[in-house]
Amino acid sequence: MKRFIPVLVAIVLILIIAASAFGSKIVDRYSYSREYADLEQYYGITGADDVPIILQDEQIEEHARIWDNTCYFDFATVHKYFNDRFYEDKQESLLLYTTPDTIIRTQIGSSVYSTSRNESNDIGYVISRYEGDVLYVAADYVKQYANFSYELFTQPYHMQVYTEWNERQIADIGKDTQVRYQGGIKSDILTQVVQGDTVVILEEMEKWTKVKTRDAFIGYVENKRLENWRNETPQPVTDYKEPEYASISREGKVNLAWHAIYSTAGNDTLSEVLASTKGVNVISPTWFVLSDDDGNFTSFASKEYVEKAHEMDLEVWGLISNISDTITVDMYEVLSKTSKRTYLIDRLIETASEYELDGINIDFEDIGVDTGEAFIEFIRELSIPCRAQGIVLSVDNYVPMGYNNYYHRKEQGVVADYVIIMGYDEHHGNSEEAGSVASIDFVENGIVNTIAEVPAEKVINAIPFYTRIWETSGSTLSSQVVGMGMAREYVSNHSIEVNWDEVTCQNYGEYQSGNSRIQVWLEDDESIRVKLNVMDEYKIAGVAEWRLGLEEPSVWTVIEEYVNK
């Protein structure tokens, strides 16, 4: 028996060791992890001044920065989430904000801001600053022009931002516990919460719930630790009051006719070009053309012209263009520099006052994407003296397409009095295929997409008084622009049979001349009537015509019927 005692002891020891190992595995499997997550990795922190942003209940890709105990957003973040009316003048190192009646400006790197009414204020912290080529703006300064709240947390730096205050579900922590990176007892710990803490409920699952803590940690808590579930609506921030942009609105429909004037002698043709018109109440002479990169422009303005137009009960909206056969103007250079924008605006207003103009019509075409922000800032700034002096401000725009959104039609609809759609050039001189200048779908889509951004009562649709005669010879495509009368004569002289095309809502004709195919989509009384009917359907502000002298007299009866509806 004594021989078996050592063996028995060995077996018992083996069993004890095995049971201990098995028990350890059981304990390890069902015990809670005490490992903490790397919070810098969790938030994606890249440096000591880096501040991740939790917007509402989600961390966004953009980060803030903190310097000298002041929190800053980069300029793109300001535009994207808070207010896109801030303007960065990179060339003159200025940050601007434009209201209906003043321009607020600060030199980048300064703590002082001033207004165009000669007011100034030092707010005790650097308002904006560059880090490399990126502009940052102090969060507290942005708060002067946007409704949002933010709270900054440490260990590590991160911030909670709210721009919306919708009803949400919350719950209390019933017992001290941990918020974990994922749902599961083995997941790393993000932070501790104690009994009585309140968390925001983000997503409820079977055993775990995704929550956000008071200090903006987003993770998971066991359901058994949550109690007193309820709904609450946070108190919204309403400190910033959106300014009201007063607009000038003509009574009844606008009927604007552009009068092409390319020399002072052109002013003498006013009576001639108006002789057959009906219902015109605004005339827009093409008097002003930018002449250099400094904001100067040539002028063919005439007081006698304005006086005569006023006697005929017409408003005069002088047009300024950037299109010239002899001069190429760098629009980015003119519009991106605050000093040049200011000079151009001052000259425009002085000229409008000198000639007693009723309005200014802006026709800046072919500006590049890089000039879009400067262009809309120019419109904002020009609107201030126009509003103050009762000068109608209208802006000409292409038919909306994805590639020309940088003209900022929505903002134009806020700060300008009228937004004019140039509802033509669907097919133009550089088109790769022949086609209509303004098919009905093209016109209607232009109106629909514009009034999606601009109030209909501010939208004017311009119609063409011209047609293109297309010639296709082999692989070569060319066209010539002709007025309504000349197009009709061309069709008659070449015995072209025309038929109504339901797709374009135009009379269409074609014929073969040798190896060339001639095509024409006519603008005439019938096509114009269909366009006007669509415009009436959408209850927009009126019609414009490009241009006087290209029309046939009979079309004015059609237009007058629309204007008087």
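Bear in mind that the values here come from a model prediction, so they are computed numbers and not experimental data.
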Is it true that Arg214 and Asp197 have a side-chain N and a carboxylate O under 4.0 angstrom from each other?
no
Looking only at the side chains, is there a donor atom on one of Ser247 and Ser249 sitting less than 3.5 Å from an acceptor on the other?
no
For the pair Arg168 and Glu232, find out whether any cationic side-chain nitrogen is under 4.0 Å from an anionic carboxylate oxygen.
yes
Is it the case that Lys143 places NZ or CZ above or below the six-membered ring of Tyr240, under 6.0 angstrom from the centre and within 45 degrees of the axis?
no
What distance separates Tyr145 OH from Asp239 CG, expressed to the nearest 0.5 Å?
13.5 Å
So, do Asn121 and Val112 sit near enough that their side-chain heavy atoms are less than 4.5 Å apart?
no
Can you confirm whether or not the ring centre of Phe75 sits under 6.0 Å from the ring centre of Phe86?
no
Looking at Lys340 and Glu333, is any side-chain nitrogen of the basic one under 4.0 Å from a carboxylate oxygen of the acidic one?
yes
Test of ring centre spacing under 6.0 Å for Phe378 and Phe364
yes
Here's one to test your reading of the geometry: is the NZ or CZ of Arg380 within 45 degrees of the ring axis of Tyr87 and under 6.0 Å from its centre?
no
Give, for atom CD1 of Ile66 and atom CG of Asp49, the distance between the pair rounded to the nearest 0.5 Å.
9.0 Å
At their closest point, which heavy atom of Glu92 faces which heavy atom of Asp89, and how far apart are they?
N-OD1, 2.9 Å
Residues Gly413 and Lys458: closest non-hydrogen pair is O-NZ, 2.8 Å
Measure from the ring center of His63 to the ring center of Tyr43 and say whether it is less than 6.0 Å.
no
Distance (rounded to the nearest 0.5 Å) between Leu96 CG and Arg85 CZ:
14.0 Å
Any luck finding a side-chain donor-acceptor pair between Tyr406 and Glu373 under 3.5 Å?
no
Mind checking the OG-CD1 spacing from Ser110 to Ile123? Nearest 0.5 Å is all I need.
9.0 Å
Are Arg117 and Asp101 within salt-bridge range, i.e. N to O under 4.0 Å?
yes
Who are the ring pair (Phe, Tyr, Trp, His ring centres under 6.0 Å) partners of Tyr355, not counting sequence neighbours?
none
Do Val329 and Met331 come within less than 4.5 Å of each other through their side chains, counting heavy atoms only?
yes
